[in-house]
Amino acid sequence: MSILLPGCGGEPSPRELKNRQELEALLSAVALKDAKQVELDAKRIDDRHASGELSDAAYGELREVVKDARAGDWAGAEKRGYALRESKPYFK
């Protein structure tokens, strides 16, 4: 059984699934207020962007979550991250 999300045109690609996993990992680090893990997640996000696996737009949105977390605005980072997850279940 597959689940189709409105407007997604079918099942997510492996690339989109991996990008979603990176968002979930970042959200976990933010929820735990784990600055070291945020840095590790940020590195993986940078690498995915550099390799072309993450679009400029998605990279920018994820970097904003990282920026808030680095500034110690954990609530803001969490709010921004969850809003991103709700607005874009899967992204390139």
Side-chain angles (χ1 to χ4, degrees):
M1 176 176 151
S2 65
I3 298 173
L4 298 178
L5 297 173
C8 289
E11 294 185 26
S13 69
R15 173 183 171 189
E16 292 168 321
L17 286 171
K18 182 62 179 165
N19 289 338
R20 173 60 183 243
Q21 289 173 341
E22 294 300 340
L23 171 59
E24 293 298 332
L26 179 58
L27 279 173
S28 293
V30 167
L32 294 170
K33 297 179 177 76
D34 186 336
K36 288 182 183 180
Q37 189 60 50
V38 167
E39 292 307 318
L40 293 172
D41 295 336
K43 172 74 171 103
R44 283 194 320 273
I45 290 165
D46 289 345
D47 291 347
R48 286 192 65 71
H49 180 250
S51 71
E53 292 296 313
L54 186 61
S55 71
D56 290 341
Y59 178 70
E61 291 174 311
L62 290 169
R63 294 300 297 171
E64 288 298 315
V65 176
V66 170
K67 179 180 166 186
D68 287 348
R70 284 178 172 160
D73 182 5
W74 298 107
E78 195 167 13
K79 182 178 178 181
R80 188 185 298 269
Y82 283 114
L84 175 58
R85 185 170 77 175
E86 289 296 315
S87 70
K88 297 178 183 170
Y90 298 98
F91 48 90
K92 295 183 184 211

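- The structure places CD of E64 at 5.0 Å from NZ of K67, a figure rounded to the nearest 0.5 Å.
- Looking at every heavy atom in both residues, V66 comes nearest to A42 through CG1-CB, 3.9 Å.
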| request: Decide side chain to side chain contact (heavy atoms under 4.5 Å, CB included) for E16 and E11; before the verdict, give the C-alpha distance in whole Å, the side-chain angles of both, and the deciding distance to 0.1 Å. | output: CA-CA 10 Å; E16 292 168 321; E11 294 185 26; over 6 Å; no
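- Side-chain contact check for W74 versus V38: some heavy-atom pair is nearer than 4.5 Å.
- Under the 4.0 Å criterion applied to side-chain N and carboxylate O atoms, R44 and D41 are assigned as salt-bridge partners.
- Contact check on R85 versus E24 returns a salt bridge, with a Lys/Arg side-chain nitrogen under 4.0 Å from an Asp/Glu carboxylate oxygen.
- With sequence neighbours excluded, the residues forming a side-chain hydrogen bond (donor to acceptor under 3.5 Å, both in side chains) with E39 are R70, listed by chain and number.
- Here the CG atom belonging to D34 is positioned 11.0 Å from the CG atom belonging to L26, to the nearest 0.5 angstrom.
- To the nearest 0.5 Å, atoms CZ (R15) and OG (S55) are separated by 6.5 Å.
- Between the CG atom in N19 and the NZ atom in K88 there is a gap of 11.5 Å [rounded to 0.5 Å].
- Of all heavy-atom pairs between A77 and V30, the closest is CB-CG1, 3.8 Å.
- With rounding to the nearest 0.5 Å, the separation of CG in L32 from CD in Q37 is 9.0 Å.
- In this structure, Y90 is not a member of the same hydrophobic cluster as L84, with clusters built from ILVMFWY side-chain heavy atoms closer than 4.5 Å.
- One distance of note links CD of E53 with NZ of K18; it measures 10.5 Å at 0.5 Å rounding.
- Salt-bridge check for R63 with D46: passed, with a basic side-chain N closer than 4.0 Å to an acidic carboxylate O.
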